[in-house]
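Here is the structure we will look at.
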Amino acid sequence: MTDVLMPALSPTMEEGVLSKWNVKVGDVVKSGDVIAEIETDKATMEVEAVDEGVVEAILVAAGTEGVKVNTAIARLKGEGEAPAPAEAAAGDGLHGSPSQSATPTAPPPAGKPGNDGTASRSPPRSGGGGRLAVGGGQPSQDGARLFATPLARRLAKEKGVALSALMGSGPHGRIIAADIGSPQPNKSPAAASAPAAPATVRTLAQMGIPDGSYDLEPLDGMRKTIARRMTESATTIPTFPLTIDLQIDRLLDARSRINTSLMGRDIRVSVNDMLIKAAAAALKASPAANASYTPEGIARHHHADIAVAVAVEHGLITPIIREAENRTLAEIAVAMKDLAERARTKKLKPEEYLGGTFSISNLGMFGIREFAAIINEPQGCILSVGAGEKRSVVKGGELAIATVMTVTLTCDHRVVDGATGAKWLQAFRGFVEDPITLLA
């Protein structure tokens, strides 16, 4: 018998929604078959089977929320293998209902789950314990199959890390992205620090808001993740803001002429697209701002991977324009339109929203004049963009009217000092106020 476990589809995933089964009891499953769809806080992903066999039981019903990573969600048996003794008691194998949170029906066979929802660092077993994969395994030099997420494979390739040298911390020793940053295969789970005691949370009634005076909307996975990550960022990163005003009349004129030249190609460049390009160019001109803090040292990034905040139902997500410094404005416009559309339908892959080096959050379309966004770890900076509006300015000693946009750069002081942030803003101003330089 083989238990199929709820996989960790991204390094931050702790639980998900088992939104759909593509198989039923009695179906024959082969390695690589798409057997389920799982919804995380960021995306809905198809999940492939790694093991082969016949579906003996579906242990978690489609639509079940809060399914913890490593929970047994189905059971496979080899063709001709006798049914499990508990099969009669299991009936159709459905435990819970779409309105209930899932609970494990079998203990995780690859070690006890850690505090981050992933399994302890134990090697994969050759016998029991089923696996799900987003992409299948890959043979190692000794012929054994290596199981790793697509994001982990990409990061390993970029960093020159041999997957065969790592012991994964995902389900059944599956290698996940977090393992690539710290390849320590012999590290003991006991060495991990103990979790901090949870803070005491008072109820609304204790704070003077009576029960029955409000409607309570349950937190979904995305909102829980936003709450956790923003709290961690705001309470653990020493930040400071730097604010400047930009005159964008020349940028708006350049955008109009660019879009005229693109007529017939079904491409329209937005102001945000031009700001993405300007931010990437500024990171190339001032690379000290393109950095991340780690306990081992400061990571200096080779490329400007710009994460752009996109509002979606119940929250936001930050799809990434990879190597934006090497893309044309038209390429950025096409890529950003595609990413934003798929973000709103939860069709992004983890590698499309994880791992940016710099963020942009634009609330100008809502009339917000100025704000300071919270840093999106592990990035060292985030740029907050306000609305462009007509304001009085002084030009050549004379009062004039110009279209002015206020932007604020929030910096992680562990990585970016005041002078470094100021130099980046100077470079950014140059590209925005003289946009012909973006085309050079």
Side-chain angles (χ1 to χ4, degrees), residues 9-13 16 37-46 134-135 149-155 158 177 220-223 225-226 229-230 255 258-259 262 265-284 290 292 301-366 373-379 381-385 438:
L9 301 180
S10 74
T12 60
M13 179 176 169
E37 291 183 6
I38 292 176
E39 182 179 340
T40 70
D41 58 305
K42 301 290 187 182
T44 299
M45 303 182 66
E46 293 182 336
V134 185
T149 65
L151 178 59
R153 293 186 186 280
R154 182 177 65 78
L155 292 176
E158 290 176 355
D220 61 8
M222 176 173 285
R223 184 52 59 184
T225 300
I226 291 173
R229 293 199 59 183
M230 292 299 98
R255 172 179 176 259
I258 290 170
N259 282 332
L262 292 173
R265 294 177 56 186
D266 195 28
I267 300 174
R268 285 193 61 81
V269 173
S270 68
V271 170
N272 214 46
D273 297 329
M274 299 185 75
L275 296 180
I276 292 169
K277 179 65 176 179
L283 288 173
K284 186 175 180 180
N290 195 24
S292 297
H301 301 295
H302 298 160
H303 297 289
D305 295 334
I306 308 295
V308 183
V310 174
V312 298
E313 187 177 7
H314 302 306
L316 59 85
I317 191 170
T318 52
I320 299 164
I321 301 293
R322 302 281 179 186
E323 297 188 30
E325 78 278 12
N326 296 325
R327 298 203 186 195
T328 66
L329 285 170
E331 289 171 342
I332 290 174
V334 171
M336 196 64 238
K337 180 181 179 182
D338 171 62
L339 288 169
E341 288 177 350
R342 289 192 291 115
R344 295 186 181 102
T345 56
K346 304 191 77 172
K347 297 299 183 183
L348 291 179
K349 302 174 183 177
E351 57 266 32
E352 292 176 316
Y353 60 82
L354 294 175
T357 68
F358 184 97
S359 285
I360 294 178
S361 180
N362 190 341
L363 293 178
M365 66 286 294
F366 298 106
I374 297 174
I375 281 181
N376 185 21
E377 285 192 282
Q379 298 159 23
C381 298
I382 184 169
L383 184 71
S384 309
V385 180
L438 294 176

Taking the side chain as every heavy atom from C-beta outward, state whether [X] and [Y] have any pair of such atoms under 4.5 Å apart.
X    : Y    : result
D305 : E323 : yes
M274 : L329 : yes
I317 : K346 : no

Looking at every heavy atom in both [X] and [Y], which two are closest together, and how far apart are they?
X    : Y    : result
I332 : R327 : CG1-CB, 3.8 Å
E325 : A304 : OE1-N, 3.1 Å
R265 : A330 : NH2-CB, 4.4 Å
G356 : R322 : N-NH1, 4.5 Å
A279 : I360 : CB-CD1, 3.9 Å
L283 : I306 : CD1-CD1, 3.8 Å

Point-to-point distance, once rounded to the nearest 0.5 Å, from [atom1] of [X] to [atom2] of [Y]:
X    : Y    : atom1 : atom2 : value
K337 : R342 : NZ    : CZ    : 13.5 Å
T357 : N376 : OG1   : CG    : 11.0 Å
E377 : M230 : CD    : CE    : 8.0 Å
E341 : L348 : CD    : CG    : 11.0 Å
S270 : L275 : OG    : CG    : 8.0 Å
R255 : R268 : CZ    : CZ    : 5.5 Å

After noting the C-alpha distance and the side-chain angles of M336 and V308, does the key distance pass the side-chain contact (heavy atoms from CB on, under 4.5 Å) rule? CA-CA 9 Å; M336 196 64 238; V308 183; 3.9 Å; yes
Side chain to side chain contact (heavy atoms under 4.5 Å, CB included) test vs I267 passes for just one of L262, N259, I258, D273, namely L262
Between L383 and F358, does the side-chain contact (heavy atoms from CB on, under 4.5 Å) criterion hold? Intermediate values first, please. CA-CA 8 Å; L383 184 71; F358 184 97; 4.0 Å; yes
Starting from the C-alpha separation in whole Å, work towards a yes-or-no answer on side-chain contact (heavy atoms from CB on, under 4.5 Å) for I374 and I382. CA-CA 7 Å; I374 297 174; I382 184 169; over 6 Å; no
Donor-acceptor pair, distance only, cut-off 3.5 Å: does the side chain of T318 make one with the backbone of A307? no
With side-chain contact (heavy atoms from CB on, under 4.5 Å) as the test, would you mind laying out the steps for L339 and V310 before giving the verdict? CA-CA 9 Å; L339 288 169; V310 174; over 6 Å; no
